[in-house]
**Q** 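Pasting in a structure now, in structure tokens, and then I'll have a few things to ask.
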Amino acid sequence: MAYDGIVTAAAVYELSGLLKNGRIDKIVQCEADEIHIGCYAGGENYRLLLSANAGNPRMHLTRTKKEAPMIAPPFCMVLRKYIQGGRILDITQNGYDRTVTFSIEHPNEMGDFCLYTLIVEIMGKHSNIILTNESGTILDAIKHIDSSVNSYREVMPARPYILPPEQKKILPSDIDAVSLLMDSALSFENENLRADKFLLNNISGFSPLLCKAVCIQAGVDFTGKMGDFSQNNIASLRDTLLSVCNDIKNNNFKPKMLLAESDNPYLPPAPKDVHCLSVVSGEYVKVYNTVNLMLDEFYGSIDAVQRLAQKKSNVAKNIGLALDRCKRKLAEQQEAVTANDDYEKFKITGELLTANLYKIKPGTEAVTVDDYYQNPPAERTIKLDTNIAPSLQAQKFFKKYRKAKSTYEQNQEHCLNTIEEIEYLENVAQMLDTCTLADEISEVRQELKEQGYIKFDGTDKKKKPGKKVKEPAVTKPLKFTSVDGFEIWVGKNNKQNDMITTKIASGADIWFHVKNAPGSHVIIRAASVPGGIIPDTTIEEAAGIAAWYSSVKNSTAVDVDYTTIKNVKKPSGAKPGMVNYFNYSTIRVKPLPRG
């Protein structure tokens, strides 16, 4: 976990210097498990974020402003009652655990100053934010934990606050104890422990990341067993550990973000982890002046990615449901086509009965006729309905013929329409995967609403009789410059596809699309370079980009169709992003990552 006890200590150290004696001006609960506290201290305004989110619990200053709900949740109202307008007296950490206490002075209804404690517990899925009075009684918590969940430690109003169970580990600030601890590294109970696990099990506040970094700095294998290390290995590990603990004791923090190299060479490295000690390093590192700025940027980027993923997931769920529905419908239609594809047999039977009507007497159960439709002709026995007059026997089969033929033809047409609908939905799913901005995802969602796949809700503008509803502006498509200097435009959703194909492209521009698969529309603007003659290198580059922005981008080689824009037509009434094209050429290329 990025937010370990040492990072917590660094955050507390910074917050104490900034917020101590500051006044709490505003409290909002933006999420079910997140509080924002506005503070005024030292002539500056600060926004403190406290989160008990199970995935990303944290505490740091933030520059992000979130919209507050119209009606404040109960816990927010309790905080406003007891600590809004109060003064922060102190900010402390319980040892090197991820439990932080804000001591706050606030006047009661009588004007007497009372002491309240806001406790932030950063413990993964057990994280919580708790308010207690001066006697240690819980006033409220952002998460209520009753005895049915935890019989030892209830977190409920009117219950006494109990600290989380203490971990019997050595404090990093106790240098002598750490030295003695290393002398016991070869003891029987520790000899089979990995080096990083040994540190993790014995040093308070250390995370797996920090334990591995200490081992690497000491030049020992963090996966090696303690009992296999030489005295020199143990001494090196002890010296490195003592140096790290001295940095912690002296608040010698060096905030840094570790970055993971992106698979896409056109995208920057993504945030991977954070820490605040110089011993933690990596190939890609971003250094910060303050721990709070580092945490805000790290968790802000994670939050943005998660929110984008959640937004995508919600839309993808609707597309998936529609696709499943279409595929079930297609299976039923194909079954109906198969069941009625021999409808001609009813017509033949009717014609045979008409030709042999003289042989049929009232009440006859069957008649044998010469079937001249067979080659060579042969006798055939036809069962009859004894309840129908002879003159109507043939009409019964002609009626079956018409019904079966109609069912066959209608379901054939329905199959074609359903296949087209499936292709459209698969294309929308591909476009959704391409989207990297919230507004682009919103456009996909709006498109699905307009096509009837998602119901309109209260956020949609309703069209009043006689008035036009202004269409929202379409987000900007991607634009690249080829090696030869030509503009290459890429649509990231169907609205952008329609924009670049029907509005931006013109004249001698060349249009690209991956062959027989969902993908983006891509164009080369011929007029973007004087002369307008597009070389083969730019055509190959644009085709590679079209292959990358498609459902087959992971293939080693992809066929891409291309033609001049005049050969691309959007049929009247066609769904967004759907076009017909002709007089095209095909090029086989390797997908070219661009982003």
**Q** Looking at P160 and I138, what are the two nearest heavy atoms and their distance?
**A**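 Taking every non-hydrogen atom into account, O-CD1, 4.2 Å.
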**Q** Counting only heavy atoms not in K81, do more than 12 fall under 6.0 Å of its NZ?
**A**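 Not more than 12 within 6.0 Å, no.
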**Q** Has the side chain of Q430 got a donor or acceptor atom that lies under 3.5 Å from a matching backbone atom of S550?
**A**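 Yes: the side chain of Q430 pairs with the backbone of S550.
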**Q** Say whether, by atom type as modelled, one donor and one acceptor occur between the side chain of H106 and the main chain of Q84 under 3.5 angstrom.
**A**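 Confirmed, H106 side chain pairs with Q84 backbone.
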**Q** So, the side chain of N53 versus the backbone of P57: is there a donor-acceptor pair under 3.5 Å, distance only?
**A**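 Not confirmed, N53 side chain does not pair with P57 backbone.
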**Q** V274 pairs by side chain to side chain contact (heavy atoms under 4.5 Å, CB included) with which of K256, E297, M294?
**A**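 Answer after filtering K256, E297, M294: M294.
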**Q** Determine whether F102 and L48 make a side-chain contact, defined as any pair of heavy atoms from C-beta on separated by less than 4.5 Å.
**A**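 F102 vs L48: side chains touch.
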**Q** Let's go through L61 and L19 carefully: what are the C-alpha distance in whole Å and the side-chain angles of both, what is the deciding distance for side-chain contact (heavy atoms from CB on, under 4.5 Å) to 0.1 Å, and is it a yes or a no?
**A** CA-CA 10 Å; L61 297 178; L19 302 184; 4.2 Å; yes
**Q** Could you check if a side-chain atom of V291 sits within less than 4.5 angstrom of a side-chain atom of H60, using non-hydrogen atoms only?
**A**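 Answer no - side chains too far apart.
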**Q** Looking at T240 and L237, would you say the former's side chain and the latter's main chain have a donor-acceptor pair under 3.5 Å?
**A**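 No, the answer is negative, given that no donor and acceptor are paired below the 3.5 Å cut-off.
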**Q** Rounded to the nearest 0.5 Å, how far apart are CD1 of I142 and OG of S127?
**A**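 Answer for the CD1-OG pair, I142 versus S127, is 10.5 Å.
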**Q** Please evaluate residues N45 and D25 with respect to the criterion side-chain contact (heavy atoms from CB on, under 4.5 Å), reporting the C-alpha separation (whole Å), side-chain torsions for both, the decisive distance (0.1 Å), and the verdict.
**A** CA-CA 9 Å; N45 289 306; D25 288 335; 4.2 Å; yes
**Q** Salt bridge between D247 and K249, side-chain N to carboxylate O under 4.0 Å?
**A**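 Judged by the 4.0 Å cut-off on N to carboxylate O distance, D247 and K249 do not form a salt bridge.
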**Q** Applying salt bridge (charged side-chain N to carboxylate O under 4.0 Å, His left out), can you list everything that pairs with D439, at least two apart in sequence or on another chain?
**A**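 If we apply the salt bridge (charged side-chain N to carboxylate O under 4.0 Å, His left out) test to D439, skipping adjacent residues, there are no hits.
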**Q** Identify, with sequence neighbours excluded, every residue that meets side chain to side chain contact (heavy atoms under 4.5 Å, CB included) alongside R445.
**A**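 Per chain and number, R445 pairs via side chain to side chain contact (heavy atoms under 4.5 Å, CB included) with V315, N318, K449, I454.
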**Q** Just so I know, are the side chains of V279 and H275 near enough to count as touching, which here means a heavy-atom distance under 4.5 Å?
**A**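 In short, these two side chains do not touch, never coming nearer than 4.5 Å.
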**Q** Is the backbone of T137 close enough, under 3.5 Å, to the side chain of N133 for a donor and an acceptor to pair up by distance?
**A**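 At least one qualifying donor-acceptor pair exists.
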**Q** In terms of side-chain heavy atoms, does D97 have a donor or acceptor partner in T99 at a distance below 3.5 Å?
**A**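 There is no such pair (donor and acceptor under 3.5 Å, judged by atom type) between the side chains of D97 and T99.
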**Q** Taking NZ, NE, NH1 and NH2 as the nitrogens, is one of them in D4 or R98 under 4.0 Å from a carboxylate oxygen of the other?
**A**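 A salt bridge is absent here (no side-chain N lies under 4.0 Å from a carboxylate O).
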**Q** Are the side chain of E154 and the backbone N or O of S147 linked by a donor-acceptor pair below 3.5 Å?
**A**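 Indeed, once roles are kept as given, a pair shorter than 3.5 Å links the two residues.
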**Q** Distance-only, no hydrogens or angles: does the Y453 side chain make a donor-acceptor pair with backbone N or O of L321 under 3.5 Å?
**A**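 Side chain of Y453 to backbone of L321, a donor-acceptor pair under 3.5 Å: no, none is there.
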**Q** Can you pull the side-chain hydrogen bond (donor to acceptor under 3.5 Å, both in side chains) pairs that have at least one residue in residues 302-311, sequence neighbours excluded?
**A**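 Only E31-R307, N56-Q306, D303-R307, Q310-N314, K311-S442 qualify under side-chain hydrogen bond (donor to acceptor under 3.5 Å, both in side chains).
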**Q** To the closest 0.5 Å, what do you measure between CD (Q29) and CG (L50)?
**A**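 CG of L50 is found 11.0 Å from CD of Q29.
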**Q** Donor-acceptor pair, D296 side chain versus N292 backbone, under 3.5 Å?
**A**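 Judged by distance alone, no pair lies under 3.5 Å.
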**Q** Counting C-beta onward and ignoring hydrogens, is there a side-chain heavy-atom pair between T290 and E14 closer than 4.5 Å?
**A**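 They are in contact (side-chain heavy atoms under 4.5 Å apart), so the answer is yes.
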**Q** Which atoms form the tightest heavy-atom contact between P164 and Y161, and what is the distance?
**A**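 It is CD-OH, 3.7 Å.
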**Q** Calculate, to the nearest 0.5 Å, the distance between atoms NZ and CD1 belonging to K312 and I319 respectively.
**A**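 One gets 10.5 Å once the value is rounded to the nearest 0.5 Å.
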**Q** I'd like to know if K495 pairs up with E443 as an ion pair, taking the criterion as any Lys NZ or Arg NE/NH1/NH2 lying under 4.0 Å from an Asp or Glu carboxylate oxygen.
**A**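 No, K495 and E443 are not salt-bridged.
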**Q** Return the CD1 to CG distance between I119 and N94, rounded to the nearest 0.5 Å.
**A**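 So the CD1 of I119 and the CG of N94 are separated by 10.0 Å.
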**Q** NE2 of H36 to CZ of R47: how many Å apart, nearest 0.5 Å?
**A**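 H36 NE2 to R47 CZ: 6.5 Å, rounded to 0.5 Å.
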**Q** Looking only at heavy atoms, which two atoms of F480 and L478 are closest? And how far apart?
**A**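 Answer, listing the atom of F480 first, then L478: CZ-CD1, 4.0 Å.
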**Q** Do the side chains of K20 and D90 get close enough for a salt bridge, i.e. N-O under 4.0 angstrom?
**A**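 Yes, this pair counts.
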**Q** If you count every heavy atom of other residues, nucleotides or ligands that lies below 6.0 Å from N108 atom CG, does the total exceed 12?
**A**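 Yes, CG of N108 has more than 12 neighbouring heavy atoms, counting only those of other groups under 6.0 Å.
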**Q** Are the side chains of C276 and Y288 in touch, meaning some heavy atoms are under 4.5 Å apart?
**A**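 They are not in side-chain contact.
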**Q** Could you walk me through whether I88 and I24 pass the side-chain contact (heavy atoms from CB on, under 4.5 Å) test, one step at a time?
**A** CA-CA 7 Å; I88 299 174; I24 295 176; 4.1 Å; yes
**Q** Test side-chain contact (heavy atoms from CB on, under 4.5 Å) on T101 and I91 and set out the steps.
**A** CA-CA 6 Å; T101 299; I91 305 172; over 6 Å; no
**Q** Using salt bridge (Lys or Arg N to Asp or Glu O under 4.0 Å), reason through D33 and K143 one step at a time and then give a plain yes or no.
**A** CA-CA 8 Å; D33 50 15; K143 296 179 183 176; 5.3 Å; no
**Q** Side chains of K575 and Q451: any donor to acceptor distance under 3.5 Å?
**A**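 Yes - a donor-acceptor pair under 3.5 Å links their side chains.
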**Q** Side chains of L199 and D196, heavy atoms from C-beta outward: is any pair under 4.5 Å?
**A**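 They are not in contact (no side-chain heavy atoms under 4.5 Å apart), so the answer is no.
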**Q** Donor-acceptor pair, distance only, cut-off 3.5 Å: does the side chain of Y549 make one with the backbone of R594?
**A**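 Yes, Y549 side chain to R594 backbone: donor-acceptor pair under 3.5 Å.
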**Q** Do L118 and I37 have side-chain heavy atoms sitting under 4.5 Å apart?
**A**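 Of all side-chain heavy-atom pairs linking I37 with L118, at least one is under 4.5 Å.
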**Q** Could you tell me which non-hydrogen atom of N497 sits nearest to which non-hydrogen atom of G491, and how far apart they are?
**A**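 That closest heavy-atom pairing would be OD1-CA, 3.3 Å.
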**Q** Is any side-chain heavy atom of P157 closer than 4.5 Å to a side-chain heavy atom of L139?
**A**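 Side chain of P157 against side chain of L139, heavy atoms only: no contact under 4.5 Å found.
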**Q** Which atom names give the shortest non-hydrogen contact between I129 and F75, and what distance separates them?
**A**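 It is O-CZ, 3.5 Å.
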**Q** For the OG atom of S551 and the CE atom of M431, what is their distance to the nearest 0.5 Å?
**A**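 Rounded to the nearest 0.5 Å, the OG-CE separation comes out at 8.5 Å.
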**Q** K492 and side-chain hydrogen bond (donor to acceptor under 3.5 Å, both in side chains): which partner among D433, T436, T475?
**A**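 Only one of D433, T436, T475 forms a side-chain hydrogen bond (donor to acceptor under 3.5 Å, both in side chains) with K492, namely T436.
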**Q** Measure across L79 and I27 and return the closest heavy-atom pair with its distance rounded to 0.1 Å.
**A**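 So the minimum-distance heavy-atom pair works out to O-CD1, 3.7 Å.
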**Q** Within the 3.5 Å criterion, strictly below it, is a donor on E121 or N128 matched to an acceptor on the partner's side chain?
**A**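 Short answer, no.
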